[in-house]
Protein chains: 2
Amino acid sequence: MTGFIPMPDLDAIDRKILALLQSDSRLTMQELADKVGLSVSPCHRRVKLLEERGVITRYIATVDQKALGLHVSVFISIKLARQKEEDLNRFARAISKWDEVLECYLMTGNRDYLLRVVAADLSSYEAFLKNKLTRLDGIASIESSFALSQVKYSIALPV
Amino acid sequence: MTGFIPMPDLDAIDRKILALLQSDSRLTMQELADKVGLSVSPCHRRVKLLEERGVITRYIATVDQKALGLHVSVFISIKLARQKEEDLNRFARAISKWDEVLECYLMTGNRDYLLRVVAADLSSYEAFLKNKLTRLDGIASIESSFALSQVKYSIALPV
DNA sequence: GGCAGTATTGGGATATTTTACCAATGAAAG
DNA sequence: CTTTCATTGGTAAAATATCCCAATACTGCC
């Protein structure tokens, strides 16, 4: 374990910084500082602290799903035959390797997992099912629901 | 409508650029160029073209959900009383305003919408339901499923 | 094979931006 | 009022992005 990093509460300025960077991380320090009402130096230091504390986890580019030809989004509900930790871990490891799976949640209720999967078209989704998902051991049931359209998609957590 | 931007197929280098920037947009042009086997100039021009064509849509910072105290993730299945375009649009507009709703999909099958919502705790989720979601007109049914843990969460589309 | 036309690349100069340092300011406690 | 601590703001140096132009590779065509 590395050194302990103190985590005081985020104040209003920190939250504003997070909100802004969550919507556009290409703002210059000058622009960001202006928007939050600070000068460049303290603004820069706050951003660095948020990174060091692990509040800001990464900086990424987002890509248009249609531009990549990924026209199919599917939600898959999965039930395992057994729910021992060993089985859950094995499932999680397999899922994590597959790029088609963007999200996977362990759920309450009568389904164990909920997955969001993208594919170019129905046949490549079928290939994903046949060659990958259904070949996993210990799956009791799979149920696919297709998304007709993405009404909202945001990565920005409310601050 | 602005000028037409020609969209030739993405070649192997473009895809590599997209894969790299989807995982770390803070790479310098020099680092990115090295990794894709180009010098800075052509690499820079390719990135700019990907932005202009709308393949790269934005650059954002990602924030740790737990660090913000958002411990609850919920998937909500919603059925509307009617599914006329007018009703769908009204629902979509309302959803889009609420920061708690990170994702919303129009679905096939017996549910109209699937939402992913985050909240600090169960009581603030309850407040979201009572004060926002259930106050919308035209909703026939709401069904919440809670995520126990996030097994995988990725924004990086497969390229 | 050779040739013209087109698209892509690479290097270098310049403008922007990030980053580190240090003095100044403001708030809290005695 | 004074001391102490945390935060701020300005400035300069280093790193990076961006633009321009010549050189190279590629394509279609003869």
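Each chain gets a letter, A, B and so on, in the order its sequence line appears, and its residues count up from 1. Remember, predicted model here, so these are calculated numbers, not experimental data.
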Side-chain ([X]) to main-chain ([Y]) donor-acceptor, under 3.5 angstrom:
X: Gln22(B); Y: Leu157(B); value: yes
X: Thr57(B); Y: Thr62(A); value: yes
X: Glu100(B); Y: Val117(B); value: no

Just how far, in rounded Å, is [atom2] of [N] from [atom1] of [X]?
X: Asp14(B); N: dA7(C); atom1: CG; atom2: C1'; result: 14 Å
X: Leu49(A); N: dT7(D); atom1: CG; atom2: P; result: 9 Å
X: Glu52(B); N: dT18(D); atom1: CD; atom2: P; result: 12 Å
X: Leu38(A); N: dG10(D); atom1: CG; atom2: P; result: 11 Å
X: Glu31(B); N: dT16(D); atom1: CD; atom2: C1'; result: 10 Å
X: Asp24(A); N: dT17(C); atom1: CG; atom2: P; result: 13 Å
X: Met29(B); N: dT17(C); atom1: CE; atom2: C1'; result: 14 Å
X: Leu27(A); N: dA17(D); atom1: CG; atom2: P; result: 16 Å

*Decide, yes or no, whether a salt bridge links Arg82(B) with Asp112(B) under the criterion of side-chain N to carboxylate O below 4.0 Å.*
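Judged by the 4.0 Å cut-off on N to carboxylate O distance, Arg82(B) and Asp112(B) do not form a salt bridge.
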Output yes when at least one side-chain N/O atom of [X] is less than 4.0 Å from OP1 or OP2 of [N], else no.
X: His44(B); N: dA17(D); value: no
X: Ser41(A); N: dG9(D); value: no
X: Arg46(B); N: dT9(C); value: yes

*Side chain of Arg45(A) - closest among dT19(C), dT8(D), dG10(C)*: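 My answer, after comparing the listed nucleotides, is dT8(D).
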_Let's see if you can work this out: which of dT18(D), dT9(C), dG9(D) has an atom nearest to the side-chain heavy atoms of Val40(B)?_
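The nucleotide sitting nearest to the side chain is dT18(D).
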*For the residue pair Asp87(A) and Gln83(A), confirm or rule out a side-chain donor-acceptor distance under 3.5 Å.*
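Short answer, no.
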_Position toward the 5' end of DNA chain D (nearest nucleotide), Arg26(A) or Cys43(A)_ =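 Going by which nucleotide is closer to the 5' end, it is Cys43(A).
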